[in-house]
There are 2 protein chains.
Amino acid sequence: MDAQSAPAGRVKPVGRGAKVCAAVLAATLDELAEVGYANLTVEAVAQRAGVHKTTVYRRWKDRETLVVDALTEHVAADLPIPDTGDVASDLRELARLLVTHLTVTHLGVAATMFSDAGRLPEIADVRRRFFADRFRRAAPLVTRAVERGQLPEGTDPALLLKSLIAPIYLRLLVTCEPLDDATADHAAAITLAAARAGVFRAHDAHGQSETH
Amino acid sequence: MDAQSAPAGRVKPVGRGAKVCAAVLAATLDELAEVGYANLTVEAVAQRAGVHKTTVYRRWKDRETLVVDALTEHVAADLPIPDTGDVASDLRELARLLVTHLTVTHLGVAATMFSDAGRLPEIADVRRRFFADRFRRAAPLVTRAVERGQLPEGTDPALLLKSLIAPIYLRLLVTCEPLDDATADHAAAITLAAARAGVFRAHDAHGQSETH
DNA sequence: CGTCCATCGCAACTCCTTGTTGCGTTAGAG
DNA sequence: CTCTAACGCAACAAGGAGTTGCGATGGACG
């Protein structure tokens, strides 16, 4: 199907549609941030986008599809993985990038991914793929540090990375405290200290490597 | 008002009401765990409780009040704070108690507190008071460890405790992995290693005490 | 500059859930 | 057994989810 890019005589006058589509998706994110998924109404989204309700339903099958599209588009940003040569700097930078990514738009949007909208199978998939991709791409950061001798042999990248993001998501979802660079630096410090102590060395079960 | 306990001639035949009330609250928690706050309908709750819809509305003003009551009752369990004489055992036990508390009923109920229902001011208050109370009561666990010389001087109890619960809530809310004792032990190991490295020493800002 | 057609606005509709009201019925304390 | 608070039931208004048909509009192309 090359009818998309080739200017072969009148296929799709998508001049209007693109702008409307973008406006509706942006309005959806704004509404999600303000009232949350449970209280999100299609009419409010349409009104905020300067568009009629039926226009929304013409392009999206139902409310869920709309929310899925809006959130999917929002997380479709592939963050870079730092590589400074020092594991402490790498972790600190990685955490700061995550904090920035979570706070670029309204903070409420990111939290929505983990609220009731997360019960939608599509959103759960988006989340799964997001973390799988990030962990896969950030793993070399850890293995490089092990090769440099900065971290113990057998350090499990996934365990370490989960420890790095845990304090950040705790503030976002549980304690509802603001996210800033200090948050990221603190998370990096915790994880680095634990990693140097060998807490993240791979083992059969996932848990205690500590000699109690 | 002693009319409550004294059997002074016909004041309140609350025989039926109590049972109905408990049944409705239990049904609400079950529904929350199954379909979530966003999809919770009063009729489904009433039907599950074997009660008519109007009966629910007679006792609770609206859906929000019902959910608030059900969740408030559910978290009204004051967990004990361990004191074994060893900080490693204390933290491990504290984490295990939290994991148990989060998984006693359906796992979904605890997560509901942090979903869209958390936008209700009353639920936010319940959460705030829950953590404030827990941190206040668990703080001596940390200060005792400092006095024993098991942790560095100036270790901030709140920072340490947040680090302890962060990996647990990450699994509950973000990665949706099951919670077990291994999860708790791992969280305790991370926090203990970081604490011994002095990451949680109090400072002006909240964050970097690490000499990078 | 004018045509043409996809897209949008609009009104009216059905269905479902919230929340309310009035009346008849039942459970249970005395 | 009696009496009353609490419950079941049917019917109701209000509001949001989706749907449909028709008329208006705006942008791509000739």
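Proteins get letters first, then strands, A, B, ... in listed order; numbering begins at 1 in each.
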Contact check, side chains of A/V142 and A/F200, non-hydrogen atoms, under 4.5 Å: no

I want to check something: taking the side chain as every heavy atom from C-beta on, are A/Y169 and A/K162 in contact at a cut-off of under 4.5 Å? no

Test side-chain contact (heavy atoms from CB on, under 4.5 Å), reference B/V67, set B/L29, B/L25, B/L32, output is B/L32

Evaluate salt bridge (Lys or Arg N to Asp or Glu O under 4.0 Å) for A/R119 paired with A/D116, printing each intermediate quantity in order. CA-CA 6 Å; A/R119 301 184 87 101; A/D116 282 6; 5.2 Å; no

The answer to which of B/C21 and A/E43 contacts DNA chain D further toward the 5' end, by nearest nucleotide, is B/C21

Rounding to an integer number of Å, can you tell me how far [X] [atom1] sits from [N] [atom2]?
X: A/Y37; N: D/dA17; atom1: OH; atom2: P; result: 11 Å
X: A/N39; N: D/dA17; atom1: CG; atom2: C1'; result: 15 Å
X: A/E64; N: D/dG16; atom1: CD; atom2: C1'; result: 15 Å

Tell me, for nucleotides 8-15 of chain D in 5' to 3' order, what letter each nucleotide earns: B for a base near a protein heavy atom under 4.0 Å, S for only sugar-phosphate near one, - for neither? BBB-----

With each end axis built from five pairs of C1' atoms, what bend angle do you get for the helix from C/dC1-D/dG30 to C/dG30-D/dC1? Round to 10°. 30°

Looking only at side chains, do B/T72 and B/D69 share a donor and an acceptor under 3.5 Å apart? no

Is A/Y57 close enough to D/dT19 that one of its side-chain N or O atoms is under 4.0 Å from OP1 or OP2 there? no

Check whether any side-chain N or O of A/R59 sits under 4.0 Å from OP1 or OP2 of C/dC8, and answer yes or no. yes

More than 12 heavy atoms of other residues, nucleotides or ligands under 6.0 Å from CD of A/E177: yes or no? yes

Using a 4.0 Å heavy-atom cut-off across all strands, classify A/L40 as base, sugar-phosphate, or nothing. sugar-phosphate

Considering all heavy atoms, the nearest A/V174-B/F114 contact: CG1-CE2, 3.6 Å

